[in-house]
Structures are given as C-alpha cells and as structure tokens.
Amino acid sequence: MNIHIMKDTDLIAKEASRHFIEVLENKENPVLGLATGSSPIGMYNYLIKAFEAGQISFKNVTTFNLDEYVGIRYDHPQSYYTFMNEHLFKHVDIVNKNINLPKGDANAIADYQKLLDENVRDIQILGIGSNGHIAFNEPGTSFDQTTFQVELDEGTREDNKRFFSDISEVPTHAITMGLKDVMNSKKIVLIAIGASKAEAIYKMIKEEATPDLPASILKSHPNVEIYLDEEAASLLIN
Ligand code: F6R
C-alpha cells in the first residue's frame, strides 16, 4: 500500500485523479470501477476538467459502480445512478450503454456478477465507511464474497442519512460488489477524509487483515494507493 497523507483535500482529489487520467490516456478501452459518496466527488471534478480540456475522453470507457440501493428507482434523487449522472456522467462523453451499476433488485445479481467477471477493472476508486466497509461489505463479510444483497448496518444508514430528509427514508438494503470483486481490479485508489475515518484507517493499516474490518483485505492487493487527509490519518500520526 502506498500511503499519502495530505493537508489539502483538493490536492488529494487532484492526485487521485492522476491515476485515472493515466489509465484513460493509455488504455484503448479502459474499464473503470466507480464509487459514490462524498470521498470521490473532488476527483470526479478533476476528471471533468481534464475532459473539458481535451486531455481525456470517455468514449471508449466502460464503468462499473460498486453498489446501488434496493427499493428506490434508478431515477430517484438519491439513487447511485442519479449521483453518478450528476457528478460525472452527464458532464463527459461516456456512452450510456457502457455505464453499469447493479440494479437495485436481487434478481439482477447474477447478471452483474457475469459482467464483473468478464470485465476486470483497470482501476477502482474507493471510499471507506467509518466501520471499515468498502463498497457495502459491512464488518463480518467474507473475503470471498461476490455480488450480493446486503442489509446495511444501522451505523451506515446513520452516516448516509445526510442525503435524505429522514433516517426512515434511507434504504435498509443494497446490492453491492463483494470484497472478491472489489479486489478484481489492477489498481485501487482509496480516499478517506475526516476524523470519522481515523479508527478504520488505523486498523486497516496497522492491524492484521480480518473480515471484521473489510477494508483490511486491501493489504493483500499488490497495487493500492491510499490518500488521507490529516484527520483521517490522525491516529497514524499521533
Ligand atoms: C459508495 C460506497 C461506500 C462509500 C463509503 C464512504 O459507493 O460503496 O463504501 O465509499 O461509505 O462514503 P463517503 O465517501 O460518503 O464517506
């Protein structure tokens, strides 16, 4: 794991975007693994800028998102499809049919798994939950897990209620890539910002890999870049 600790969150976004830009510039048909949440938004902004400057194109890009809520329509304001459209897709020249998110429907799991198995990601962006989840693999998930329907931890629903008017509106379930799928990427870039991530980051880096801290699986991936602000890194520094 290469660990980068930076004061400036804008610099984190910029540095993280460089890994994606490198793939987009060098691969003929890049396959990107994408995430929602607050962590990657700044990075997506840098990708949009690079597109607007003519440096990169998404014409031949295929994307796979980590997860989607169950029980809300894809065009719901808080669906992960809407999030991706607002923060990236509508600003670039990506072809609609090349955009893949799990459908928020348990029957569609096998279809998504097939696509994931056929399309190894060149690069995957990740955030991390305050409980150490990556994608929606909550603590206790097997390292061999593939795509599945997960019941979200109460803490995760609490963390995400800021996007809804009330906790009762936050979906209880999601379809998510499993940990095994997340690892099926040639490179992984993880961004963690803020004090709420400090404990999970400390455990991921300093302690042994365990399903109790799902992000610790990344220790066994050969090509991971971790970007932390000083708050997320605070327990490592002190
Ligand atoms: C998002 C996802 C989640 C988030 C994590 C951190 O697609 O799978 O694992 O990356 O919950 O969320 P933020 O970035 O909002 O702190």
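All heavy atoms count here, side chains included; hydrogens, waters and symmetry mates do not. We number each residue from 1, following the sequence as shown. Both ligands and their constituent atoms are indexed starting at 1 by order of listing.
When each atom of ligand 1 is checked for a heavy atom of Arg162 under 4.0 Å away, the hits are 15 (O). Against a heavy-atom cut-off of under 4.0 Å, Ser39 is close to the following atoms of ligand 1: 13 (P), 14 (O), 16 (O). Close approach of ligand 1 to Gly37 is summarised as follows: ligand atoms under 4.0 Å from at least one heavy atom of the residue are 14 (O), 15 (O). Close contacts of ligand 1 with Gly127, meaning ligand atoms under 4.0 Å from a residue heavy atom, involve 10 (O). Atoms of ligand 1 lying under 4.0 Å from at least one heavy atom of Leu66, given by number and element, are 8 (O).
When non-hydrogen atoms are compared, ligand 1 lies under 4.0 Å from the backbone of Thr36 as well as from its side chain. Residue contacts with ligand 1 for Met177 are absent, since no atom lies close enough (heavy atoms, distance under 4.0 Å). When non-hydrogen atoms are compared, ligand 1 lies under 4.0 Å from the backbone of Ile128 (N, CA, C, O) but not from its side chain.
The shortest distance between side-chain heavy atoms of Asn137 and Gln145 falls below 4.5 Å.
Looking at Ala174, Ala135, Ala192 and measuring to atom 3 (C) of ligand 1, the nearest heavy atom belongs to Ala135.
On a distance-only criterion, Pro40 and ligand 1 share no N/O pair closer than 3.5 Å. Considering backbone and side-chain atoms alike, Tyr80 places every N or O at 3.5 Å or more from each N or O of ligand 1.
Relative ring orientation between Tyr80 and Tyr69 is described as tilted, the plane-to-plane angle lying within the 30° to 60° band. Relative ring orientation between Phe164 and His76 is described as tilted, the plane-to-plane angle lying within the 30° to 60° band. Classification of the His133-Phe136 ring pair by plane angle, with boundaries at 30° and 60°, yields perpendicular.
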**OP:** Would you check, one step at a time, whether the test ring-ring contact (aromatic ring centres under 6.0 Å, His included) holds for His4 with Tyr227?
**Re:** CA-CA 5 Å; His4 314 270; Tyr227 287 91; 4.3 Å; yes

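Protein heavy atom at the shortest distance from atom 2 (C) of ligand 1 is Asp67 OD2, 3.4 Å. At the shortest separation from atom 5 (C) of ligand 1 among protein heavy atoms lies His133 NE2, 3.4 Å. For atom 16 (O) of ligand 1, the closest non-hydrogen atom of the protein is Lys197 NZ, 2.6 Å.
Placement of Met43 and Leu126 in two distinct hydrophobic clusters is found when ILVMFWY residues are connected by side-chain heavy-atom separations under 4.5 Å, directly or transitively.
Side-chain contact annotation: Asn100 with Asn65, donor-acceptor N/O pair under 3.5 Å absent. A donor-acceptor contact under 3.5 angstrom links the side chains of Glu138 and Thr156, judged on distance only. Neither side chain, Glu86 nor Thr82, offers a donor N or O lying under 3.5 Å from an acceptor on the other.
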